[in-house]
Amino acid sequence: MNSFEIIVGSMLGATEYVADALAEELTNYDLNSRIHLTPDLSELDPQATWLICTSTHGAGDFPDNIHAFTRQLPQASLNQIRYLLVGLGDSSYDTFCEAGKTMHRLMQAAGASSIVEPCYIDVLEHPIPEDEAVAWLNSHLQSPKFIQSLNLTGAGA
(Lines give C-alpha, C1' and ligand atoms only; values in the text may rest on other atoms or scores of the structure.)
Protein backbone atom coordinates (compact mmCIF):
# COMPACT_ATOMS: atom_id res chain seq x y z
CA MET A 1 0.00 0.00 0.00
CA ASN A 2 1.38 3.39 -1.02
CA SER A 3 0.11 5.26 2.01
CA PHE A 4 1.54 7.28 4.88
CA GLU A 5 -0.10 8.56 8.04
CA ILE A 6 1.65 11.79 9.08
CA ILE A 7 1.33 12.38 12.81
CA VAL A 8 2.12 15.95 13.85
CA GLY A 9 3.09 17.28 17.27
CA SER A 10 3.31 21.05 16.96
CA MET A 11 2.65 24.16 19.01
CA LEU A 12 4.24 26.93 16.98
CA GLY A 13 3.70 25.77 13.40
CA ALA A 14 7.21 24.81 12.26
CA THR A 15 6.43 21.12 12.57
CA GLU A 16 3.24 21.61 10.55
CA TYR A 17 5.35 23.16 7.78
CA VAL A 18 7.63 20.13 7.95
CA ALA A 19 4.65 17.77 7.72
CA ASP A 20 3.19 19.68 4.76
CA ALA A 21 6.54 19.61 2.94
CA LEU A 22 6.94 15.86 3.60
CA ALA A 23 3.41 15.19 2.34
CA GLU A 24 4.20 17.14 -0.82
CA GLU A 25 7.42 15.16 -1.30
CA LEU A 26 5.53 11.87 -0.89
CA THR A 27 3.12 13.04 -3.60
CA ASN A 28 6.10 13.52 -5.92
CA TYR A 29 6.68 9.77 -5.55
CA ASP A 30 3.00 8.92 -6.13
CA LEU A 31 2.57 8.11 -2.45
CA ASN A 32 -0.58 9.10 -0.58
CA SER A 33 -0.57 10.66 2.87
CA ARG A 34 -2.97 12.01 5.46
CA ILE A 35 -1.90 14.60 8.04
CA HIS A 36 -3.21 14.24 11.60
CA LEU A 37 -2.92 17.39 13.72
CA THR A 38 -4.78 15.81 16.65
CA PRO A 39 -3.79 12.16 16.18
CA ASP A 40 -5.78 9.31 17.69
CA LEU A 41 -4.79 5.64 17.36
CA SER A 42 -8.30 4.67 16.27
CA GLU A 43 -8.06 7.00 13.26
CA LEU A 44 -4.69 5.80 11.96
CA ASP A 45 -4.39 3.15 9.27
CA PRO A 46 -2.31 0.25 10.63
CA GLN A 47 -1.48 -0.80 7.05
CA ALA A 48 0.12 2.56 6.29
CA THR A 49 3.62 3.67 7.18
CA TRP A 50 3.50 6.21 9.98
CA LEU A 51 5.61 9.35 9.64
CA ILE A 52 5.79 11.09 13.02
CA CYS A 53 6.88 14.73 13.19
CA THR A 54 7.16 16.37 16.59
CA SER A 55 8.82 19.34 18.15
CA THR A 56 9.99 19.64 21.75
CA HIS A 57 8.69 22.30 24.14
CA GLY A 58 9.47 23.35 27.68
CA ALA A 59 11.67 20.88 29.53
CA GLY A 60 11.55 18.16 26.88
CA ASP A 61 7.77 18.09 26.67
CA PHE A 62 5.45 17.09 23.84
CA PRO A 63 3.33 19.76 22.17
CA ASP A 64 -0.20 19.98 23.58
CA ASN A 65 -1.88 18.62 20.44
CA ILE A 66 -0.11 15.25 20.68
CA HIS A 67 -0.46 14.56 24.43
CA ALA A 68 -3.59 12.41 24.03
CA PHE A 69 -1.84 10.29 21.38
CA THR A 70 1.23 9.73 23.57
CA ARG A 71 -1.02 8.60 26.43
CA GLN A 72 -2.52 5.93 24.14
CA LEU A 73 0.85 4.40 23.26
CA PRO A 74 1.75 2.56 26.51
CA GLN A 75 -1.41 0.42 26.22
CA ALA A 76 -1.14 -0.10 22.46
CA SER A 77 0.11 -3.14 20.58
CA LEU A 78 1.75 -1.74 17.46
CA ASN A 79 3.65 -4.82 16.29
CA GLN A 80 2.44 -4.37 12.70
CA ILE A 81 3.34 -0.66 12.55
CA ARG A 82 6.38 0.63 10.69
CA TYR A 83 7.32 4.24 11.22
CA LEU A 84 9.69 7.09 10.43
CA LEU A 85 10.34 9.90 12.89
CA VAL A 86 11.38 13.53 12.50
CA GLY A 87 12.11 15.49 15.66
CA LEU A 88 12.63 19.25 15.79
CA GLY A 89 14.54 20.93 18.55
CA ASP A 90 16.97 23.64 19.62
CA SER A 91 20.45 22.42 20.57
CA SER A 92 20.92 25.33 22.98
CA TYR A 93 18.64 23.38 25.38
CA ASP A 94 19.69 20.32 27.38
CA THR A 95 16.47 18.66 26.23
CA PHE A 96 17.30 18.90 22.51
CA CYS A 97 14.69 16.87 20.58
CA GLU A 98 13.64 15.11 23.78
CA ALA A 99 10.01 14.78 22.63
CA GLY A 100 11.17 13.05 19.45
CA LYS A 101 13.48 10.76 21.41
CA THR A 102 10.70 9.93 23.87
CA MET A 103 8.27 9.27 20.99
CA HIS A 104 10.82 6.89 19.45
CA ARG A 105 11.07 4.99 22.77
CA LEU A 106 7.26 4.90 23.18
CA MET A 107 6.75 3.54 19.67
CA GLN A 108 9.38 0.85 20.14
CA ALA A 109 8.00 -0.13 23.55
CA ALA A 110 4.59 -0.58 21.88
CA GLY A 111 6.18 -2.96 19.36
CA ALA A 112 6.41 -0.66 16.33
CA SER A 113 9.41 -0.93 14.01
CA SER A 114 11.48 2.08 13.06
CA ILE A 115 12.38 1.77 9.37
CA VAL A 116 15.40 4.08 9.54
CA GLU A 117 17.16 6.04 12.26
CA PRO A 118 15.13 9.10 13.31
CA CYS A 119 15.96 12.48 11.85
CA TYR A 120 16.62 15.05 14.59
CA ILE A 121 16.76 18.58 13.23
CA ASP A 122 18.43 21.42 15.09
CA VAL A 123 16.53 24.59 14.20
CA LEU A 124 19.62 26.66 15.07
CA GLU A 125 21.57 24.86 12.35
CA HIS A 126 18.63 24.53 9.94
CA PRO A 127 16.37 27.60 10.27
CA ILE A 128 14.09 26.18 7.56
CA PRO A 129 13.66 22.67 9.01
CA GLU A 130 11.36 21.49 6.24
CA ASP A 131 14.28 21.65 3.78
CA GLU A 132 16.34 19.33 5.97
CA ALA A 133 13.40 16.96 6.56
CA VAL A 134 12.60 16.74 2.83
CA ALA A 135 16.27 16.07 2.00
CA TRP A 136 16.31 13.28 4.63
CA LEU A 137 13.09 11.71 3.32
CA ASN A 138 14.16 12.12 -0.29
CA SER A 139 17.47 10.34 0.38
CA HIS A 140 15.46 7.32 1.59
CA LEU A 141 12.80 7.46 -1.13
CA GLN A 142 15.54 7.27 -3.74
CA SER A 143 16.88 4.06 -2.21
CA PRO A 144 15.50 0.89 -3.84
CA LYS A 145 16.23 -1.00 -0.61
CA PHE A 146 14.11 1.48 1.36
CA ILE A 147 11.25 1.26 -1.15
CA GLN A 148 11.41 -2.54 -1.00
CA SER A 149 11.35 -2.46 2.81
CA LEU A 150 8.04 -0.60 2.62
CA ASN A 151 6.65 -3.02 0.04
CA LEU A 152 5.83 -0.03 -2.10
CA THR A 153 5.19 -0.41 -5.79
CA GLY A 154 5.37 2.39 -8.29
CA ALA A 155 7.37 4.62 -5.95
CA GLY A 156 10.44 6.51 -6.97
CA ALA A 157 9.22 7.32 -10.46
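Start at 1 with the first residue, then count along the sequence. The basis for the numbers below is simple: all heavy atoms, side chains too, and nothing from hydrogens, waters or symmetry mates.
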Side chains of T54 and T102 in contact at under 4.5 Å (non-hydrogen atoms): no
Closest heavy-atom contact between Q72 and P39? OE1-O, 4.5 Å
Min side-chain heavy-atom separation I81-L44 under 4.5 Å: no
Between atom CG of L85 and atom CE of M103, what is the distance when rounded to the nearest 0.5 Å? 7.0 Å
Within a strict 4.5 Å, meaning less than it, do heavy atoms of the L31 and L141 side chains meet? yes
Taking the side chain from S10 and the backbone from G13, do they hold a donor-acceptor pair closer than 3.5 Å? yes
Just by distance, do the side chain of N65 and the backbone of V8 share a donor-acceptor pair under 3.5 Å? yes
Atom OG in S114, atom CE in M107: separation rounded to 0.5 Å? 9.0 Å
Taking every heavy atom of H36 against every heavy atom of E43, the minimum-distance pair comes out as CE1-O, 3.8 Å
Measure the shortest side-chain to side-chain distance between S3 and Q47 over non-hydrogen atoms and say whether it is less than 4.5 angstrom. no
Could you pull out the closest heavy-atom pair between L41 and F69, with the gap in Å? CD2-CE1, 3.7 Å
So CG of D20 and OG1 of T15: to nearest 0.5 Å the spacing works out to 11.0 Å
Which pair of heavy atoms, one from T95 and one from A59, lies closest together, and at what distance? CG2-C, 3.8 Å
Side chains of Y83 and L78: closer than 4.5 Å at any heavy-atom pair? no
Quick one: CZ on F96 to NZ on K101, what's the gap to the nearest 0.5 Å? 6.5 Å
Quick one, L84 with W136, criterion side-chain contact (heavy atoms from CB on, under 4.5 Å). Give me CA distance, side-chain angles, the key distance, then yes/no. CA-CA 11 Å; L84 304 161; W136 170 80; 3.9 Å; yes
In terms of heavy-atom contacts, does CD of Q80 have more than 12 from other residues, nucleotides or ligands at under 6.0 Å? yes
Show the nearest heavy-atom pair for residues E5 and D45, with the distance to one decimal. OE2-N, 2.8 Å
Check the pair Y93, T56 against side-chain contact (heavy atoms from CB on, under 4.5 Å), reporting the backbone distance first and the verdict last. CA-CA 10 Å; Y93 291 91; T56 299; over 6 Å; no
Side chains of E24 and N28: donor-acceptor distance under 3.5 Å anywhere? no
Contact check, side chains of S92 and L124, non-hydrogen atoms, under 4.5 Å: yes
Assess whether side-chain contact (heavy atoms from CB on, under 4.5 Å) is satisfied between R71 and F62, documenting all intermediate values. CA-CA 11 Å; R71 286 191 296 273; F62 286 106; over 6 Å; no
Heavy-atom pair of closest approach, residues L22 and A133: CD2-O, 3.5 Å
Counting only heavy atoms not in I128, do more than 12 sit closer than 6.0 Å to its CD1 atom? no
When you compare the side chain of H126 with that of D131, does any pair of heavy atoms fall below 4.5 Å? no
If you apply the rule side-chain contact (heavy atoms from CB on, under 4.5 Å), what do you find for I35 with L37, and how did you get there? CA-CA 6 Å; I35 293 177; L37 297 177; 3.9 Å; yes
Is a side-chain donor or acceptor of S143 paired with a backbone partner of F146 at a separation under 3.5 angstrom? yes
So for atom CG, which belongs to N79, do other residues, nucleotides or ligands contribute more than 12 heavy atoms lying within a distance under 6.0 Å? yes
